[in-house]
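Heavy atoms only: backbone and side chains are in, while hydrogens, waters and symmetry mates are out. Per chain, numbering begins at 1; letters A, B, ... match sequence-line order.
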There are 2 protein chains.
Amino acid sequence: MPRIPTAERRNALIQAALRVVAQRGVAAATTRAIVAEAGMSLASFHYAFASHDELMAELIREIVAQEESSVVLPHPSEGATVREVLRASIQSYLVSIQADPQREKAMFELTHYALRTPAGEHLARMQYEHYYALASTALAAGAEATNVVWDRPVEEVARILIALTDGLTLAWLVNRDDAAAASLIDFAADAVAGLARPA
Amino acid sequence: MPRIPTAERRNALIQAALRVVAQRGVAAATTRAIVAEAGMSLASFHYAFASHDELMAELIREIVAQEESSVVLPHPSEGATVREVLRASIQSYLVSIQADPQREKAMFELTHYALRTPAGEHLARMQYEHYYALASTALAAGAEATNVVWDRPVEEVARILIALTDGLTLAWLVNRDDAAAASLIDFAADAVAGLARPA
DNA sequence: GTCTATAATGAGATAGAC
DNA sequence: GTCTATCTCATTATAGAC
């Protein structure tokens, strides 16, 4: 292998780790499996990272950052109600999960992995703070576009929305029942829309 | 160790495995850790179970069965509304989680563990079918006690309730924010009560 | 800096004495 | 049936040649 800047090598290893976790789960994400996926030697790993634990911590930070780009900002057609915008947004979120269910499994597994390590509780909390922030932004934009206001702080609505999508995601990952998911989405859109008042 | 009937030994190992998973996570639930917790020798394990995998499958079946006893049947006071009954039930569910958060972490971890093994997808589905059945029973009783009917099949309401409690549980496990949990519970009780009509 | 080779440890499973 | 002792393999991490 040619010389690669350490930062680049670290990044390549993190991306490889994410692929391994998504495809085969956290338990399978051993140092060896990760370097094999990255096409590197075992020693190169320990040149870039002090330990397997250090990589896992970086991995969680990385996926939190990646999530940013996958935000589904509502794109309301003229005259759409807040309920319709919510429904379309949650729907398109589910579509993204259906397109890559393994990745979403990986997100849950990494959250629970983090919750089992002392330093990780903080990482899991950061992960969710990030989710809440993304949801808050989308909810604020959605409210503005449909001329409504939330009847409580938008952060509180965001927590509700994330709880609903977590429950929806887990149910779909377990049951793979598209009809049940559609019914859940309708419920969620109705229930959250019920927290909005005309501006 | 004295002679122990195989069935009893299997059960002791499963209970020990559940304690290990709850206290230290699925990753730490090695055969050796389990026999140490059970106070048995390694060989005794393989006398009772063909493999570590077989025990894990049994463990998931076992926790599903145990969940039965922890159902919170609504105990409505005279004249309580369906919303109040729902709120009290979800509240007492959260209290049970707060009393033993490790156990609830273990439930999630085992679900995701199952979702990563070929035979396990079926187990995870059974686990959730069981949750849905328990919720359906509670919801039917709650509706009867408060003189309402659900405006859709009770199984569908059950799926909604489970999704909400999953989202609530995960949020609390990550953030340990009791105030946010209370707000989520109020929302969930309102939203689900909105699916009921006077009988 | 990057590699091969090799500790050192811990895993699941089994053989064989009792 | 139950145990101790052991096998075989995979793991993280490191030493040392280049």
Side-chain angles (χ1 to χ4, degrees), chain A residues 1-60 106 109-110 113-114 116-120, chain B residues 1-21 23-60 106 109-110 113-114 116-120 123:
Chain A
M1 283 292 272
R3 282 191 198 177
I4 297 177
T6 304
E8 202 172 307
R9 193 176 280 282
R10 281 171 70 97
N11 191 55
L13 283 165
I14 288 171
Q15 298 305 327
L18 181 52
R19 289 195 298 275
V20 173
V21 172
Q23 284 160 26
R24 293 152 52 199
V26 267
T30 63
T31 309
R32 299 177 113 86
I34 292 165
V35 296
E37 172 73 25
M40 286 184 203
S41 75
L42 193 51
S44 296
F45 178 95
H46 282 100
Y47 186 79
F49 289 99
S51 70
H52 182 253
D53 281 357
E54 187 190 327
L55 175 126
M56 292 301 282
E58 281 300 315
L59 175 55
I60 292 170
E109 287 180 55
L110 285 168
Y113 175 88
R116 284 295 182 184
T117 88
Chain B
M1 283 290 274
R3 282 191 199 181
I4 297 177
T6 303
E8 201 173 308
R9 190 175 283 279
R10 282 172 68 97
N11 191 56
L13 283 166
I14 288 171
Q15 298 306 328
L18 181 53
R19 288 194 297 276
V20 173
V21 172
Q23 284 161 26
R24 291 154 52 201
V26 267
T30 64
T31 309
R32 300 176 119 87
I34 293 166
V35 297
E37 172 72 26
M40 285 183 203
S41 75
L42 193 50
S44 295
F45 178 96
H46 283 100
Y47 187 81
F49 289 98
S51 69
H52 181 254
D53 281 357
E54 188 190 327
L55 173 126
M56 292 301 282
E58 281 300 315
L59 174 55
I60 293 171
E109 288 180 54
L110 286 168
Y113 175 88
R116 285 293 182 185
T117 87
L123 283 176

Between Ser44(B) and dC3(D), does any side-chain N or O lie under 4.0 Å from OP1 or OP2?
yes
Check the pair Met56(A), Val26(A) against side chain to side chain contact (heavy atoms under 4.5 Å, CB included), reporting the backbone distance first and the verdict last. CA-CA 9 Å; Met56(A) 292 301 282; Val26(A) 267; 4.1 Å; yes
Whole-Å distance, Leu13(A) CG to dG1(C) P, equals 16 Å
In short, Ala12(B) meets Ala38(B) closest at the heavy-atom pair O-CB, 4.4 Å
Ser41(A) has its side chain closest, among dT4(D), dG1(C), dC3(C), to dC3(C)
Residues pairing under ring pair (Phe, Tyr, Trp, His ring centres under 6.0 Å) where one sits in residues 25-52 of chain A, two or more places apart or in two chains, turn out to be Phe45(A)-Phe49(A)
Here the distance between atom C1' of dA13(D) and atom CG of Leu55(A), to the nearest Å, is 15 Å
Whole-Å distance, Ile34(B) CD1 to dG10(C) C1', equals 15 Å
* **Arg9(B) vs dG1(D): side-chain N/O to OP1/OP2 distance below 4.0 Å** => no
- Message: Keeping Arg10(A) on the side-chain end and Ala48(A) on the backbone end, is there a donor-acceptor pair under 3.5 Å?
- Response: yes
Residues Val35(A) and Ser41(A): closest non-hydrogen pair is CG1-O, 3.8 Å
All heavy atoms of Ile34(B) vs all of Val20(B), minimum pair found to be CA-CG2, 4.3 Å
Arg10(B) atom CZ is separated from dT2(D) atom P, nearest whole Å, by 14 Å
A correct 5'-to-3' footprint of nucleotides 11-18 of chain C, with B, S and - meaning base, sugar-phosphate only and no protein heavy atom under 4.0 Å, is BBBBB---
